[in-house]
Amino acid sequence: MQLEKYAIDEHNHQLLKNHQRNFEHVAADVKELDTVISKLKAFNIAIPSWALGTGGTRFGRFSGGGEPRSLEEKLEDVGVIHALNRSSNSISLHIPWDIPDNAQAIKALATQLGLHFDAVNSNTFQDQANQKHSYKFGSLHHVDKEVRQQAIQHNIEVIKYGVELGSKALSVWLSDGSNFPGQLNFRGAFQNTLESLQEIYAALPNDWKVWVEYKPYEPNFYSTTIGDWGQSYLLASKLGPKASTLVDLGHHLNGTNIEQIVSILLMEGKLAGFHFNDSKYGDDDLTVGSINPYQLFLIFNELVEGMDVRNMNHATDIGWMIDASHNVKDPIEDLLQSVQAIKIAYAQALLVDKKALQAAQQNNDVALAQEILQAAYRTDVRPLIAQASLLMGGALDPINAYRKLNVRDSLIKERGVNTVATGL
Ligand code: RM4
Ligand code: MN
Ligand code: MN
């Protein structure tokens, strides 16, 4: 299904008066208001194809109604999200969950919906039905060269699908690791991974990048071969300029200072991008900003400052993606909330008085530095985001509009109650 623009406009109309009052109130205190609004207008976050269905846990999966049954329907769902928030103009595909049978037709549908294809993700953490060798003991790090070759070939195939669709990056996440001490030779596993990635790297088209994701544990519980940003950074450095580190917010042990990691990777030109989500304990893949919005703001504060120092384009020089998977919410509502949370953190970071903060840092004025950061964090920037959305033809309040326009009911009517999207 596709949302009609007039329906969104009509819904906006009812909220407009209130919006204008709120907007004027916050805008009065924003220096360089036009710049802030135009940055918000340009900002987009990719939607992961695997988040459009209800996620499962290892205990079960409770599918919701009207889930997308095909790649086409996944694109349509992202089209709905983008029509509402005007900030989700791309989709990140996972192969083989989302193999495009007819790349030209899929590309045409995406263009019609105003979408393009973000990074493509390979999958060597599951065995596929027709596969010769098993990944039970790993893929790119495997002790057996034949298994490594199979995983390398899969990644090269994923690049080929991506090229057909106009993607520009391959995102690699490996579950490779060990469950028990003694199971692995760490150096051997690292070297095998490096050599495998080198073969994949060699297959990248000129204008492509490879993003190396890390994760401390799960599904392996003793060691993960790319377990932290240091190991990912080391691989990316050895691979070359097309390789960099992808930060998934849920892939850190509790208490890790993620904003500091982000700052250093950015300084070194090795920050590929993000998989946004939130977590309380581990890789919980909860809605972005639902648990720790302050951390998200602190990350964006480092991003804005670090990107400005390097003269980077906020909207396009880093890969912004969501990686979440839910079992209780309507996936579209969840994604709308995630995008909104990211834009809130970004807008707040844009409001930080950088000069004043720098001066406070130079003077070791710790209390003032905190005041400056929190003044931005405690600003209700939602009217700024609503204004940017309105100017782009989106909804003032995307979730509210989604509900009022009964989108899920229409999807259920069209697709049925018992649908299961591919994914986890
Ligand atoms: C992993 C990791 C990857 C994602 C898979 C589905 O934990 O976050 O990025 O592709 O889950
Ligand atoms: Mn991820
Ligand atoms: Mn994850």
Side-chain angles (χ1 to χ4, degrees), residues 45-58 61 74 90-99 117-128 135 138-140 151 154-155 158 161-162 167 169-177 197 209-221 223-229 231-232 235-236 244-254 256 258 261-262 265 271-288 290-291 296 299 318-327 331 334-335 338 342 421-424:
I45 299 116
I47 301 295
S49 63
W50 58 103
L52 295 160
T54 320
T57 68
R58 64 198 161 111
R61 176 168 171 170
K74 286 184 175 186
S90 66
I91 182 167
S92 185
L93 299 188
H94 226 299
I95 309 289
W97 294 337
D98 307 299
I99 291 189
F117 294 90
D118 204 88
V120 275
N121 301 258
S122 57
N123 178 344
T124 59
F125 49 87
Q126 291 174 323
D127 284 347
Q128 307 305 326
Y135 296 134
S139 57
L140 296 184
H154 165 70
N155 276 275
V158 173
Y161 284 124
S167 286
L170 168 72
S171 193
V172 179
W173 173 68
L174 304 176
S175 69
D176 296 12
L197 285 172
K209 302 264 189 289
V210 59
W211 297 344
V212 183
E213 188 172 351
Y214 59 90
K215 177 169 175 171
Y217 73 93
E218 196 208 19
N220 278 290
F221 293 100
S223 74
T224 302
T225 296
I226 312 180
D228 63 18
W229 73 281
Q231 292 162 54
S232 164
L235 288 166
S244 47
T245 295
L246 185 124
V247 177
D248 181 315
L249 297 189
H251 292 190
H252 302 87
L253 299 178
N254 266 334
T256 301
I258 304 175
I261 296 172
V262 166
L265 284 173
L271 180 64
F274 284 86
H275 273 179
F276 289 112
N277 48 49
D278 212 342
S279 62
K280 177 95 179 131
Y281 302 107
D283 189 22
D284 306 338
D285 280 340
L286 298 175
T287 315
V288 184
S290 60
I291 303 283
L296 187 65
I299 290 170
I318 279 194
W320 310 113
M321 281 161 290
I322 291 170
D323 179 6
S325 167
H326 292 272
N327 42 21
D334 165 66
L335 288 160
S338 281
I342 293 166
T422 49
L424 280 177

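Just follow the structure's listing: the first ligand is 1, and inside any ligand the first atom is 1.
- Ionic pairing of K74 and D98 is present here: one or more N-O contacts between side-chain nitrogen and carboxylate oxygen are shorter than 4.0 angstrom.
- Summary: OD2 is the N/O/S atom of D283 found nearest to the Mn ion (ligand 3).
- Residue-level check: among N/O/S atoms of E213, OE2 sits closest to the Mn ion (ligand 2).
- Nearest N/O/S atom of D323 with respect to the Mn ion (ligand 2) is recorded as OD2.
- Not one N, O or S atom of H275 sits under 2.8 Å from the Mn ion (ligand 3).
- With N121, N123, D323 as candidates, the residue nearest to atom 4 (C) of ligand 1 on a non-hydrogen basis is D323.
- At least one heavy atom of H94 sits less than 4.0 Å from an atom of ligand 1.
- When each atom of ligand 1 is checked for a heavy atom of H275 under 4.0 Å away, the hits are 9 (O).
- Side-chain contact between L246 and Y214 is absent, with no heavy-atom pair separated by less than 4.5 Å.
- The closest donor-acceptor contact from the side chain of T224 to the backbone of P216 lies under 3.5 Å.
- Residue contact check: D248 has heavy atoms under 4.0 Å from atoms 8 (O) of ligand 1.
- Within the 4.0 Å heavy-atom criterion, the part of D283 lying near ligand 1 is the side chain and not the backbone.
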Derivation and outcome, side-chain contact (heavy atoms from CB on, under 4.5 Å), residues T225 and L174 | CA-CA 8 Å; T225 296; L174 304 176; over 6 Å; no
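- Considering only non-hydrogen protein atoms, atom 6 (C) of ligand 1 sits nearest to L424 CD1, 3.6 Å.
- Distances from the Mn ion (ligand 2) to the N/O/S atoms of D248 are shortest for OD2.
- The shortest distance between side-chain heavy atoms of L93 and F117 falls below 4.5 Å.
- The shortest N/O to N/O separation between E213 and ligand 1 falls below 3.5 Å.
- Every atom of ligand 1 is numbered from 1 in the order shown, and the set under 4.0 Å from a heavy atom of H251 is 2 (C), 7 (O), 8 (O).
- Counting only heavy atoms from C-beta outward, the side chains of V172 and N155 approach each other to under 4.5 Å.
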